[in-house]
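Here the structure is laid out as structure tokens; the discussion comes afterwards.
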Amino acid sequence: MVWSITVGAVIGPLLIGPGEVVGHAIGVTPLAGVFVFAFVAQILAALSNWLGLRPDPLLTAREILSREPDPEPAGATEPVGAATVPEPAFEPGTEPATATDARSEASRRRALIVTIFVIAMAQAIMVGLMAMTPLHLMHHEGTAEIVGITLSLHIAGMYALSPVFGSLAGRLGCVPVIMIGWAITLLAVALAYISGSSHLLVQVALTLVGVGWGAVTVAGAALLTELTTIADRPRWQGRSDTFMSASGAVAGALSGVGFAFGDFGILALFAGGLLALGAVASIRLGLGDRSCRLH
């Protein structure tokens, strides 16, 4: 699936020409004609999900989980009237299991929230820079073809290496891969800041933004999966997707305001601030030893 997205990103700009023909045929702006192809693809994808995902994987997983036998209550096998042995008093420095479990659950919940925040920061950086890239390129004598190629490279960077980052997360740990993603994103932000009127620097920066985004979000999603149970996973994944989408929407809107009062360099500075927040949060995750290595 990931590589199919990459293929689509590469083929997409090649459809601009046919899209213009379709746009003229249906009476819309020529450059809007390409969205007809996307509309048809979305309809086919929806039909594939509706017809192919039966039975529903989520409902099936819940049904399997409900069939698992409950653990036998403590003392259920003791004969009636058996003498009760008093529990030993806790030694100094120890605490009841319930307190330990509560503390562990609170730590897990904090790690989940921080992980969602890290993913949201990566999304905000990516959308904030990507949204204004076409305007920046066109402002510096770019063409529709240059914009299409730049966005294709950007999307290819986002998804082409996702299987690699997933494998690295299993071998090195999720947090190290997240930090690799932030390092790549830092280089991308620096290039975006100094890009000026150079189309090549903008293209390299946007490609690296995509690669960094892929590393952070793939490893973050893997960590989110490891931290959740089967029953809780859909709820937390939904929260992650919601905050990820919301952060991208806010960043996209604010990037327009920033670009109107500044330039692409100003957007890069804002992206650097978000990157710093995400990196600090990732370090906090690392201190919690959330490695998600394969066992």
Side-chain angles (χ1 to χ4, degrees), residues 1-2 5 9 35 38-39 42 45-46 49 58 108-136 151 154-155 157-159 162 165 169 174-175 177-179 181-182 184-186 188-189 192 205-206 208-228 231-262 264 266-285 290:
M1 183 197 74
V2 171
I5 296 173
F35 290 103
F39 176 77
Q42 292 289 347
N49 286 338
L58 174 60
R108 185 182 71 90
R109 186 177 181 84
R110 283 194 300 269
L112 283 166
I113 293 172
V114 174
T115 301
I116 291 174
F117 176 79
V118 167
I119 295 173
M121 289 301 99
Q123 178 76 357
I125 293 170
M126 185 273 292
V127 174
L129 288 176
M130 180 269 293
M132 292 299 107
T133 295
L135 290 179
H136 176 69
L151 294 182
H154 170 65
I155 298 172
M158 290 171 64
Y159 297 107
S162 294
F165 292 134
C174 287
V175 175
V177 174
I178 289 174
M179 297 307 297
W182 289 133
I184 296 172
T185 305
L186 177 61
V189 169
L206 262 290
L208 291 177
V209 165
V211 174
W213 176 91
V216 174
T217 55
V218 168
L223 182 55
L224 197 72
T225 299
E226 184 188 70
L227 290 170
T228 53
D232 289 338
R233 193 164 297 148
R235 183 182 302 110
W236 281 102
Q237 287 179 335
R239 290 169 180 169
S240 178
D241 290 344
T242 299
F243 280 100
M244 182 178 180
S245 300
S247 65
V250 172
L254 294 181
S255 68
V257 177
F259 191 76
F261 288 96
F264 206 59
I266 294 297
L267 296 183
L269 287 178
F270 284 131
L274 297 178
L275 191 155
L277 293 175
V280 170
S282 302
I283 292 173
R284 180 176 178 179
L285 280 175
R290 308 292 179 180

CD1 of Ile178 to CD1 of Ile283: how many Å apart, nearest 0.5 Å? 11.5 Å
Heavy atoms only: give me the nearest Val189-Ala271 pair and the separation to one decimal. CG2-CB, 4.0 Å
Rounded to the nearest 0.5 Å, what separates atom CG in Leu186 from atom CG in Leu275? 6.0 Å
I need the minimum non-hydrogen distance between Gly220 and Ile119, along with the two atoms involved. C-CD1, 3.7 Å
Does Pro134 have any side chain to side chain contact (heavy atoms under 4.5 Å, CB included) partners at least two apart in sequence or in another chain, and if so, which? Val147, Leu151
Nearest atoms (heavy-atom pairs only) where Gly128 meets Leu267: O-CD1, 4.0 Å
Trp236 side chain reached by Arg109 side chain, heavy atoms, under 4.5 Å: yes
Sequence neighbours left out, what passes ring-ring contact (aromatic ring centres under 6.0 Å, His included) with Phe165? Give chain and number order. none
Excluding sequence neighbours, so at least two apart, what forms ring-ring contact (aromatic ring centres under 6.0 Å, His included) with His154? none
Apply side chain to side chain contact (heavy atoms under 4.5 Å, CB included) to Ile184 and list each qualifying residue two or more places apart in sequence or on a separate chain. Ile180, Leu208, Val211
Taking side chain to side chain donor-acceptor pair (under 3.5 Å) as the definition, give me every residue that meets it alongside Ser240, ordered by chain and number, with sequence neighbours left out. none
Tell me, do Arg108 and Asp232 make a side-chain contact under 4.5 Å, heavy atoms counted? yes
Value for CG (Leu285) from CE (Met179), rounded to nearest 0.5 Å, stands at 10.0 Å
Applying side chain to side chain contact (heavy atoms under 4.5 Å, CB included), name anything that partners Ala38, two or more places apart in sequence or on another chain. none
Exercise answer: donor-acceptor pairs, residues 247-257 side-chain atoms, under 3.5 Å, sequence neighbours excluded:
| from | atom 1 | to | atom 2 | distance (Å) |
| --- | --- | --- | --- | --- |
| Ser247 | OG | Ala120 | O | 3.1 |
| Ser247 | OG | Phe243 | O | 3.1 |
| Ser247 | OG | Met244 | O | 2.8 |
| Ser255 | OG | Ala251 | O | 3.3 |
| Ser255 | OG | Gly252 | O | 2.7 |

Write out all pairs satisfying side-chain hydrogen bond (donor to acceptor under 3.5 Å, both in side chains) with one or both partners inside residues 123-133, taking only residues at least two apart or from two chains. Gln123-Trp213
With sequence neighbours excluded, residues passing side chain to side chain donor-acceptor pair (under 3.5 Å) with Arg233: Thr228
Between Phe264 and His136, what is the ring plane arrangement, given parallel below 30°, perpendicular above 60°, and tilted in between? parallel
Side chains of Leu274 and Phe270, heavy atoms from C-beta outward: is any pair under 4.5 Å? no
Name all residues meeting the side chain to side chain contact (heavy atoms under 4.5 Å, CB included) criterion together with Phe117; count only those two or more places apart in sequence or in a different chain, and write none if there are none. Met121, Leu277, Ala281
Could you grab the distance from atom CG of Asp241 to atom CD1 of Ile116, nearest 0.5 Å is fine? 9.0 Å
Got Val216 and Val118 here, is their nearest side-chain heavy-atom distance under 4.5 Å? yes
What pair of heavy atoms forms the shortest contact from Ile125 to Trp182, and how long is it? CD1-CZ3, 3.8 Å
To the nearest 0.5 Å, atom CG of Leu227 lies from atom CG of Leu112 at 4.5 Å
Spatial distance of atom CZ (Arg239) from atom CD1 (Ile113) [nearest 0.5 Å]: 8.5 Å
